There are 2 protein chains.
Amino acid sequence: MQRKIPQSNLYLREEELRRGIELLYFAYRDFTRDPDKILAESGFGRAHHRVLYFVGRNPATTVSGLLKLLRITKQSLSRVLGQLVEDGYIDQQPGTTDRRQRLLHLTEKGRDFEKQLFASQRERVARAYKTAGPDAVAGFWEVLLNIVDESEREIVLRQIEK
Amino acid sequence: MQRKIPQSNLYLREEELRRGIELLYFAYRDFTRDPDKILAESGFGRAHHRVLYFVGRNPATTVSGLLKLLRITKQSLSRVLGQLVEDGYIDQQPGTTDRRQRLLHLTEKGRDFEKQLFASQRERVARAYKTAGPDAVAGFWEVLLNIVDESEREIVLRQIEK
DNA sequence: TTATTATGTCAACAACGCTGACATAAATAG
DNA sequence: CTATTTATGTCAGCGTTGTTGACATAATAA
């Protein structure tokens with residue numbers, strides 16, 4: 001330590017940190033634009049998207065599983081989940097070993113809708129990946145993962161390695 | 001075209017696209033957590049943060065300048081900007097050439113507060129940069145920039161190269 | 001049997017997007 | 001010089017989505 005001061009640390013200057021902060025803001029803003037538009041047409045919002053997305057990715061997940069993954073209150077989740085169940089996008093089955101649980105699955109309608117939402121983001125992300133190239137994409141993942149709370153990283157890793 | 005199918009395109013499979021989508025969600029969620037906490041203590045929200053941030057980064061910007069950068073309605077902006085002005089975080093001066101304009105500046109109070117907010121994100125981002133390394137960071141920027149709407153990329157580039 | 005857990009529900013509140021309508025002062029065009 | 005456009009502000013209302021707090025039920029676990 002203290003031996004050599006690597007010039008590469010220049011990328012840790014305020015300027016570069018602000019660049020990351022700004023790009024994260026702008027990218028996230030536009031990243032949510034396409035699905036938001038589709039959702040609005042069906043009378044849903046971004047929160048519905050998340051539930052559809054993660055139920056689709058984690059079939060037979062439970063309510064508490066979703067709560068841990070999303071880190072929102074059960075009241076918030078209950079509102080959107082209830083609507084999705086009522087409108088036939090998600091279906092609930094009592095757990096087999098623990099009958100208090102509600103195992104969540106997308107219905108066919110839910111799968112179709114999720115596909116549509118995914119497609120709207122897929123294009124944007126695929127284009128960005130293609131333009132930037134595989135090495136950049138690896139860096140993109142790496143930095144994002146390290147921005148996640150350390151206490152959450154386990155959960156996130158388990159999710160993205162599905 | 002069609003000659004060789006590069007195996008590197010594997011990184012464009014659904015799995016890798018979903019990984020980006022998920023990491024973007026989790027990282028953004030946690031990325032906003034620290035400032036949100038500080039903001040709440042002062043009775044502000046995320047929207048106030050953005051205004052403070054971009055006024056700080058673009059001294060003497062105008063209301064319409066902010067509107068173009070943030071892409072929200074003037075009514076939304078007006079609400080938060082008004083509070084920040086009233087509470088003494090931002091100060092308005094009539095434009096010199098065009099007296100209809102309100103040139104926006106952070107006050108000292110505003111600068112102090114913005115520094116505090118920035119510090120809370122700086123740590124997180126700096127740690128992520130350090131862990132991932134400079135090449136990863138370059139990729140992170142590159143992919144994020146390409147996720148931004150093409151029509152907005154000019155504006156974003158101008159911003160991040162300040 | 002008692003305590004804990006998984007889930008749900010009712011109510012209220014705040015932040016922050018949005019639309020729509022109207023107002024004023026200053027700049028600019030004809 | 002008048003008419004239009006521009007920069008900004010304001011009032012009112014609405015929808016989504018997060019929050020807290022309190023209470024309820026059924027099933028599991030101690």
Side-chain angles (χ1 to χ4, degrees), chain A residues 25 28-30 32-33 35-55 60-87 90-104, chain B residues 25 28-30 32-33 35-55 60-87 90-104:
Chain A
Y25 165 65
Y28 194 79
R29 182 195 63 181
D30 292 351
T32 51
R33 216 185 285 282
D36 279 357
K37 212 171 168 185
I38 297 170
L39 288 156
E41 285 164 13
S42 297
F44 292 131
R46 205 174 288 180
H48 299 87
H49 187 187
R50 284 183 203 135
V51 172
L52 282 170
Y53 185 93
F54 286 111
V55 169
T61 191
T62 61
V63 171
S64 63
L66 267 185
L67 288 177
K68 273 175 207 147
L69 192 60
L70 297 175
R71 297 246 297 185
I72 57 175
T73 58
K74 67 176 172 177
Q75 293 91 331
S76 293
L77 175 58
S78 169
R79 191 163 35 204
V80 293
L81 180 56
Q83 290 168 328
L84 289 168
V85 169
E86 184 163 3
D87 293 357
I90 288 182
D91 135 300
Q92 298 178 319
Q93 293 166 15
T96 44
T97 66
D98 185 338
R99 282 177 310 175
R100 289 171 305 179
Q101 297 180 332
R102 312 278 172 105
L103 307 185
L104 306 173
Chain B
Y25 165 66
Y28 194 80
R29 182 195 64 181
D30 291 351
T32 52
R33 215 184 286 279
D36 279 357
K37 212 171 170 185
I38 298 170
L39 288 156
E41 285 164 13
S42 297
F44 293 131
R46 206 174 286 181
H48 300 86
H49 187 188
R50 283 182 203 136
V51 172
L52 284 169
Y53 185 94
F54 286 111
V55 169
T61 190
T62 61
V63 171
S64 63
L66 267 187
L67 289 177
K68 273 174 207 145
L69 193 60
L70 298 174
R71 298 247 296 187
I72 56 175
T73 59
K74 66 177 174 176
Q75 293 92 330
S76 293
L77 176 57
S78 169
R79 189 162 38 201
V80 292
L81 180 56
Q83 291 169 328
L84 290 168
V85 169
E86 184 163 3
D87 293 357
I90 287 183
D91 130 307
Q92 299 178 319
Q93 294 166 12
T96 45
T97 67
D98 185 337
R99 283 177 310 175
R100 289 171 306 180
Q101 296 180 333
R102 312 276 173 105
L103 307 184
L104 305 172

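Chain letters run A, B, ... following the sequence lines, proteins first and then strands; every chain starts at 1. Everything numeric here is computed off the predicted structure, so don't read it as measured data.
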So does B/Arg33 pair up with B/Asp36, basic N to acidic O under 4.0 Å? no

Nearest to the A/Arg100 side chain among D/dT10, C/dA6, D/dT17, which nucleotide is it? C/dA6

Is there a donor N/O on one and an acceptor N/O on the other, under 3.5 Å, for the side chain of B/Gln75 and the base of D/dG13? no

Donor-acceptor check, side chain of B/Thr32 to backbone of B/Tyr28, threshold 3.5 angstrom: yes or no? yes

With a cut-off of less than 4.0 Å, is there a side-chain N or O of A/Thr73 near OP1 or OP2 of D/dT20? no

Contact between B/Gln92 and B/Leu103 at the side-chain level, heavy atoms closer than 4.5 Å - yes or no? no

Using a 4.0 Å heavy-atom cut-off across all strands, classify B/Arg50 as base, sugar-phosphate, or nothing. sugar-phosphate

Interatomic distance, B/Leu104 CG vs D/dG9 P [rounded to whole Å]: 8 Å

Output the rounded distance in Å from CG (A/Leu81) to C1' (D/dT17). 15 Å

Phosphate OP1/OP2 of C/dA27 contacted by B/Arg99 side-chain N/O (<4.0 Å): yes

Here the distance between atom C1' of C/dT9 and atom CG of A/Leu77, to the nearest Å, is 13 Å

Please work out if B/Thr32 contacts a base, only the sugar-phosphate, or nothing of the nucleic acid, heavy-atom cut-off 4.0 Å. nothing

Starting from the 5' end of DNA chain D, give me the residue, A/His49 or A/Thr96, whose nearest nucleotide shows up first. A/His49

Using a 4.0 Å heavy-atom cut-off, does A/Arg46 contact any base of the nucleic acid, only the sugar-phosphate backbone, or nothing at all? sugar-phosphate

Assign the ring pair A/Tyr53 / A/His49 to parallel, tilted or perpendicular, where the plane angle (0 to 90°) is split at 30° and 60°. perpendicular

Closest to side chain of B/Ile72, choosing from C/dT7, C/dG17, D/dT8: C/dG17

Find the distance A/Leu103:CG to D/dA27:P and express it as a whole number of Å. 15 Å

When the distance from CG of A/Leu67 to P of C/dT5 is rounded to whole Å, what number comes out? 15 Å

Classify B/Gly65 by what it touches in the nucleic acid, base, sugar-phosphate, or nothing, heavy-atom distance under 4.0 Å. nothing

Rounding to a whole Å, what distance do you find between B/Lys74:NZ and C/dG17:P? 17 Å

B/Arg50 and B/Leu70: which non-hydrogen atoms are nearest, and at how many Å? CB-CD2, 4.2 Å

Measure the distance from CZ on A/Arg79 to P on D/dG18 and round it to the nearest whole Å. 8 Å

For the residue pair A/Leu67 and A/Ile72, what are the closest heavy atoms and their distance? CD2-O, 3.5 Å

When the distance from CD1 of A/Ile90 to P of C/dG8 is rounded to whole Å, what number comes out? 12 Å

Whether A/Ser64 contacts C/dT7 is assessed here as follows: a side-chain N or O lying under 4.0 Å from the phosphate OP1 or OP2. Is that the case? yes

If you compare every side-chain N and O of A/Ser76 against the phosphate oxygens of D/dT19 (OP1, OP2), does one of them come in below 4.0 Å? yes

Give a yes/no on whether any side-chain N or O of B/Gln92 is located under 4.0 angstrom from OP1 or OP2 of D/dA7. no

Does the side chain of B/Arg102 get closer than 4.0 angstrom to OP1 or OP2 of D/dG9 through an N or O atom? yes

